[in-house]
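For reference, the structure is listed below as structure tokens.
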Amino acid sequence: MGFILLILMAVSEIVLILRTCLKEKEKQKWRKNRMITRMIQMVIVMIAFAYPAAQKWRFIPVLCCLIVLLLIAVSAVLIKRKRSDGEKTISGTIASGFCSFVLTGLFLVPAFVFTGYSGLPVTGEYRVQETSAILVDRSRTDPFEQDGSFREVPVHFYYPETTEGIPDSLPLVVFSHGAFGYYQSNTSTYMELAGNGYVVVSMDHPHHSLFTQDTAGNLILVDEGFIRSVMEIGNSTDPNANAEEKLSLYQDWMELRTADIGFVLDAIETAKAAGEMSDEWFLTEESRRSILSVLNNINMQSVGLMGHSMGGAASAALGRERDDVSAVIDLDGTMLAEYADVANGKFVISDQPYELPILEFVNWETRNQLQEYLSDEEDYPNTKVMKYARAGFSVILRDTKHMDFTDLPLLSPLIGKMLGSGERDKKETMMIVNSIVLDFFDCYLKGEGGFSVQEVY
């Protein structure tokens with residue numbers, strides 16, 4: 001659709017150029033023809049977005065209409081100019097048409113970058129509702145802020161629409177995004193779980209997330225120092241290079257994230273027990289009513305943690321610390337908290353048994369790299385965790401890379417490929433992931449049946 005629109009816009013500009021150069025060179029006439037061209041372009045945009053496929057683009061129709069309206073306004077101003085003498089030069093006509101085409105094309109860029117992805121089919125019986133809040137942790141200052149302000153953690157609830165009268169019946173799953181991620185990274189997973197009778201709370205980790213907002217409405221972007229550290233470690237081919245420096249960073253990252261997740265769990269538990277929300281909850285009155293109703297239905301004896309990449313590592317780490325967590329899922333994250341120490345320039349990995357049921361997903365690229373670079377598989381923390389876990393399950397998906405365990409490649413194949421996406425069909429990958437996630441939590445949070453998986457899909 002984006003390509004077709006771009007072609008139509010280009011054709012309209014070319015027609016105007018040819019008409020001006022061959023027939024009507026007067027400036028005033030060109031201005032009137034320019035207005036007519038703009039009107040035609042607006043009609044093209046409106047017709048194009050009447051088609052169902054275009055409705056998925058959401059904000060793109062608005063952008064396109066706004067730019068064309070802006071150009072129409074500019075043309076109207078030009079027509080009102082009293083100076084109408086002289087002819088439009090060929091070079092000026094071509095330059096004007098080219099600039100107009102480029103400007104319109106820039107607003108069509110999202111149509112090429114994004115697919116119009118609007119989610120995957122949900123197997124559950126429930127319609128899903130969403131609401132959000134920001135939790136203010138007055139026991140911690142934000143290490144990224146210089147003014148001593150408290151740590152703020154945005155939370156986003158996904159829950160079944162019709163669960164009134166079923167108190168303490170819904171398991172709770174808390175999701176933590178990856179480095180530079182954001183709370184919507186795995187929306188299809190949240191929808192699948194909520195549609196099947198779960199309450200999912202996806203959180204932002206400010207300054208670790210790509211972007212979020214604070215209670216003052218300010219946009220909080222990912223911290224540049226954090227980006228630099230993650231990229232430097234990611235580009236290292238030797239996992240033990242600068243081990244002591246890396247260990248310090250890992251510990252800082254895990255401390256921040258596990259504190260965020262733990263704070264969210266404590267706030268939910270406290271509000272549920274009290275039947276009301278303290279001033280640590282920053283939200284609208286409508287969200288307050290919705291969340292209180294949802295809290296009444298949560299079963300705090302059935303709590304699962306889940307995350308992608310660094311969020312998966314933090315989930316696994318907190319699973320070791322809290323007695324109120326029943327199961328953990330790590331979506332393709334190296335379990336950084338398992339690095340316990342450094343000895344002789346090499347990481348020492350914990351060999352403590354992992355008491356909770358834990359499920360990890362591994363991408364095909366990482367699996368091949370581990371086989372190539374590690375002489376002893378126990379040098380990798382995830383391998384050791386699975387070896388000593390009471391109930392550990394590892395799933396490898398063929399032809400995948402790191403971002404294939406999120407919805408990003410479905411939303412934007414181009415960005416997904418840039419950040420790490422394999423050749424496997426993206427929809428198929430996430431359908432498999434979501435199905436296995438649901439089965440795992442059904443077993444260990446709902447107590448429904450047993451759980452088993454293939455090693456490779």
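Position 1 is the first residue of the sequence, and the numbers go up from there.
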Could you go through Tyr159 and Asn297, starting from their C-alpha distance and side-chain angles, then the distance that decides it, and tell me whether this counts as side chain to side chain contact (heavy atoms under 4.5 Å, CB included)?
CA-CA 10 Å; Tyr159 55 95; Asn297 296 327; over 6 Å; no

Indicate the ring-plane relationship of [X] and [Y], choosing parallel, tilted or perpendicular according to the 30° and 60° boundaries.
| X | Y | result |
| --- | --- | --- |
| His207 | Phe144 | parallel |
| Tyr339 | Tyr250 | parallel |
| Trp253 | His208 | perpendicular |
| Phe405 | Phe361 | tilted |

What I'd like to find out is whether the side chain of [X] reaches to under 4.5 Å of the side chain of [Y], using heavy atoms alone.
| X | Y | result |
| --- | --- | --- |
| Asp332 | Glu360 | no |
| Val395 | Gln454 | no |
| Leu292 | Met277 | yes |
| Val222 | Phe211 | no |
| Ser326 | Tyr444 | no |

Donor-acceptor contact below 3.5 Å, side chain [X] vs main chain [Y]:
| X | Y | value |
| --- | --- | --- |
| Asn382 | Met335 | yes |
| Glu145 | Phe150 | no |
| Asn186 | Thr189 | no |
| Ser293 | Arg289 | no |
| Gln129 | Pro160 | no |
| Thr406 | Leu408 | yes |
| Asp407 | Thr187 | yes |
| Asn240 | Ala243 | no |
| Thr366 | Val362 | no |
| Lys246 | Ala241 | yes |

Judged by modelled atom types alone, do [X] and [Y] share a side-chain donor-acceptor pair under 3.5 Å?
| X | Y | result |
| --- | --- | --- |
| Thr123 | Asn196 | yes |
| Lys426 | Ser421 | yes |
| Thr131 | Ser287 | yes |
| Tyr190 | Ser202 | yes |

Start with the C-alpha gap between His156 and Tyr183, add the side-chain angles, then the distance that decides, and say whether ring pair (Phe, Tyr, Trp, His ring centres under 6.0 Å) holds.
CA-CA 7 Å; His156 309 268; Tyr183 81 92; 3.4 Å; yes

Which atoms form the tightest heavy-atom contact between [X] and [Y], and what is the distance?
| X | Y | result |
| --- | --- | --- |
| Glu280 | Arg138 | CA-NH1, 3.6 Å |
| Leu170 | Gly197 | CD2-O, 3.3 Å |
| Phe175 | Ser185 | CE2-OG, 3.6 Å |
| Cys443 | Gly449 | SG-O, 3.3 Å |
| Val348 | Ala343 | CG2-CB, 3.8 Å |
| Thr334 | Pro381 | CG2-CG, 3.8 Å |

Just how far is it from atom [atom1] of [X] to atom [atom2] of [Y], taken to the nearest 0.5 Å?
| X | Y | atom1 | atom2 | answer |
| --- | --- | --- | --- | --- |
| Ser176 | Ile261 | OG | CD1 | 4.0 Å |
| Thr400 | Tyr457 | OG1 | OH | 13.5 Å |
| Ser315 | Asp330 | OG | CG | 7.5 Å |
| Ser188 | Lys427 | OG | NZ | 11.0 Å |
| Ser278 | Leu135 | OG | CG | 8.5 Å |
| Met431 | Asp425 | CE | CG | 10.5 Å |

Would you please indicate yes or no on a ring centroid separation below 6.0 angstrom for [Y] and [X]?
| X | Y | answer |
| --- | --- | --- |
| Phe180 | Phe226 | yes |
| His402 | His308 | yes |
| Tyr354 | Tyr388 | no |

So that I can tick it off, tell me whether [Y] and [X] are bridged by a salt bridge, with the cut-off set at under 4.0 angstrom between side-chain N and carboxylate O.
| X | Y | value |
| --- | --- | --- |
| Lys446 | Asp439 | no |
| Arg140 | Glu255 | no |
| Lys346 | Asp379 | yes |
| Arg320 | Glu338 | yes |
| Asp404 | Arg424 | no |
| Asp324 | Arg322 | yes |

Name the residue from Ile432, Val433, Asn434 that meets the side-chain contact (heavy atoms from CB on, under 4.5 Å) definition with Ile436.
Ile432

Reference residue Leu305; test side-chain contact (heavy atoms from CB on, under 4.5 Å); the match among Leu172, Ile329, Leu265:
Leu265

Leu283 and Ile134: side chain to side chain contact (heavy atoms under 4.5 Å, CB included), yes or no, with the steps?
CA-CA 7 Å; Leu283 70 176; Ile134 299 177; over 6 Å; no

Might you confirm whether atom [atom1] of [X] has over 12 heavy atoms from other residues, nucleotides or ligands at distances under 6.0 Å?
| X | atom1 | answer |
| --- | --- | --- |
| Glu428 | CD | yes |
| Asn218 | CG | yes |
| Glu448 | CD | yes |
| Glu423 | CD | no |
| Glu285 | CD | yes |
| Asp147 | CG | yes |

Among Asp214, Asp137, Asp142, Asp204, exactly one meets salt bridge (charged side-chain N to carboxylate O under 4.0 Å, His left out) together with Arg151. Which residue is that?
Asp142

Test side chain to side chain contact (heavy atoms under 4.5 Å, CB included) applied to Trp281 and Ile291, step by step
CA-CA 11 Å; Trp281 291 80; Ile291 293 176; 4.1 Å; yes

